[in-house]
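Note that the structure is predicted; figures quoted are calculated from it, not measured. The figures that follow rest on heavy atoms only: side chains count, while hydrogens, waters and symmetry mates do not.
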Amino acid sequence: MKNIIALFLFIITAISAFATEPESVFIEANELYKSEQFQEAAEKYEVVLDKGYASGVLYYNLGNAYYKLENYSAAILNYERALKTGSDDEDIQFNLEKANQMIADEVQPVPELAIVTGWRNLVNTQSSKGWSLWALTLLWAAFIVFGITLFIRKRKAIRGLRITGAVVLVFSICLFTLAWQQYQAETSGNFAIIFAPTVYMKSSPDAGSTDLYLIHEGIKVEITDELEGWSEVRLADGKKGWVKQEEFRVI
């Protein structure tokens, strides 16, 4: 019996130590950053990521460490990953813009309709979790309104409540749509950051094919196709070409 209790206590202690280790490493990394030991801080943050712990704060701090080290491609990658977690901190956006100003390529995005820009900005105001919580709240409100109609006998009141419930239900469905679209954006692997110093976008997935465009590390690309170690990518200005997958990291 004593052996069983001892084994149980050992397991509990091991689990507790495993759970607290990443947190202690994260705290240690923060202290290293404060003391301007940016390389050591970045390495510690990477250790936490390697253990499977990721968050907007962790990516943001890691991005800051790489920015201080003037590794702007790694900084941009981690700021983008911080945004992808659903974090809408203005500091992340501000630091991402600063990092983008430090890279060689300046790409002007293809103009889009105002309604498209407005819709995307609306979706980005909340994380998928945030939109889902709002949608569930309205869904429950609709059920409550419909439930009240079961205890009311006045036809006019019932009709008014049913209309109200239907409107709330429609809004709930709209918010679920926003949540789904944001979730797809957060979980998609369609964007990447170039990490090679210089890359030629090729006309086809072949090293001997024609060089189309020269791009540099730090630029963001959209992955549109894949084939045997190559990916077709598109720049924000619409230019497309093939690059080796080893030359970028997916956000």
Side-chain angles (χ1 to χ4, degrees), residues 38-39 42-43 45-52 54 56 58-60 62-86 92-93 95-113 116-117 119-120 123-124 181-251:
F38 303 120
Q39 182 61 48
E43 291 172 358
Y45 288 132
E46 292 284 8
V47 168
V48 179
L49 285 175
D50 289 341
K51 292 183 178 295
L58 176 56
Y59 284 130
Y60 174 64
L62 180 56
N64 287 341
Y66 280 127
Y67 185 90
K68 292 292 186 180
L69 293 168
E70 299 183 359
N71 187 344
Y72 300 117
S73 54
I76 291 169
L77 175 68
N78 284 282
Y79 289 144
E80 290 280 4
R81 286 177 172 174
L83 293 174
K84 193 173 179 179
T85 63
I92 301 175
Q93 290 281 6
N95 287 6
L96 175 59
E97 290 177 7
K98 285 180 58 180
N100 278 321
Q101 292 171 1
M102 305 303 293
I103 64 176
D105 297 317
E106 184 178 353
V107 180
Q108 297 298 327
V110 176
E112 60 184 11
L113 295 175
V116 176
T117 302
W119 175 260
R120 188 178 64 254
V123 172
N124 291 334
Q181 186 164 345
Q182 185 68 310
Y183 174 77
Q184 288 183 312
E186 292 169 2
T187 57
S188 68
N190 293 337
F191 290 92
I193 303 298
I194 297 295
F195 262 64
T198 57
V199 176
Y200 279 101
M201 297 172 63
K202 299 283 189 175
S203 59
S204 64
D206 182 354
S209 62
T210 304
D211 295 335
L212 297 179
Y213 313 105
L214 176 64
I215 56 177
H216 301 82
E217 62 181 326
I219 192 170
K220 183 179 179 180
V221 296
E222 182 182 4
I223 302 170
T224 57
D225 198 2
E226 296 180 345
L227 181 64
E228 298 179 353
W230 291 77
S231 289
E232 184 184 50
V233 299
R234 178 168 53 207
L235 303 180
D237 60 5
K239 295 176 181 176
K240 297 179 71 173
W242 291 85
V243 300
K244 292 182 178 179
Q245 293 174 354
E246 63 193 41
E247 294 172 329
F248 61 76
R249 295 188 189 178
V250 176
I251 295 173

Roughly how far, to the nearest 0.5 Å, is [atom2] of [Y] from [atom1] of [X]?
X    : Y    : atom1 : atom2 : value
N78  : N95  : CG    : CG    : 12.0 Å
L83  : T85  : CG    : OG1   : 7.5 Å
K220 : I215 : NZ    : CD1   : 14.0 Å
Y213 : I219 : OH    : CD1   : 12.0 Å
L96  : I92  : CG    : CD1   : 9.5 Å
D206 : E228 : CG    : CD    : 10.5 Å

I'd like to know if the side chain of [X] reaches the main chain of [Y], judged simply by a donor and an acceptor atom lying under 3.5 Å from each other, with no hydrogens or angles considered.
X    : Y    : answer
E222 : R234 : no
E232 : W242 : no
K202 : A207 : yes

Identify, with sequence neighbours excluded, every residue that meets side chain to side chain contact (heavy atoms under 4.5 Å, CB included) alongside [X].
X    : answer
E43  : Q39
F195 : S73, A74, L77, I193, R249
I103 : Y72, I76, N100
T198 : L214, H216

**OP:** Take M201 and V221, measure what side chain to side chain contact (heavy atoms under 4.5 Å, CB included) needs, and give me the verdict at the end.
**Re:** CA-CA 11 Å; M201 297 172 63; V221 296; 6.0 Å; no
Original post:
Do the side chains of S231 and F248 get nearer than 4.5 Å, heavy atoms only?
Top reply: yes
Original post:
Between K239 and V107, is any pair of side-chain heavy atoms under 4.5 Å apart?
Top reply: no
Where is the tightest heavy-atom contact between [X] and [Y], given as atom of each residue plus distance?
X    : Y    : result
G241 : L212 : CA-CD1, 4.3 Å
I251 : K84  : O-NZ, 2.9 Å
V199 : A196 : CG2-CB, 3.5 Å
S203 : S209 : OG-CB, 3.5 Å

Original post:
Only one of Y66, Y67, Y59 forms a side-chain contact (heavy atoms from CB on, under 4.5 Å) with Y79, so which one is it?
Top reply: Y67
Original post:
With E247, which residues qualify under salt bridge (charged side-chain N to carboxylate O under 4.0 Å, His left out), at least two apart?
Top reply: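 Listed in chain order: nothing, the list is empty.
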Original post:
Passes side chain to side chain contact (heavy atoms under 4.5 Å, CB included), V233 versus T224? Steps please.
Top reply: CA-CA 6 Å; V233 299; T224 57; 5.9 Å; no
**OP:** Please list, chain by chain and in numerical order, all residues satisfying ring pair (Phe, Tyr, Trp, His ring centres under 6.0 Å) with Y60, sequence neighbours excluded.
**Re:** none
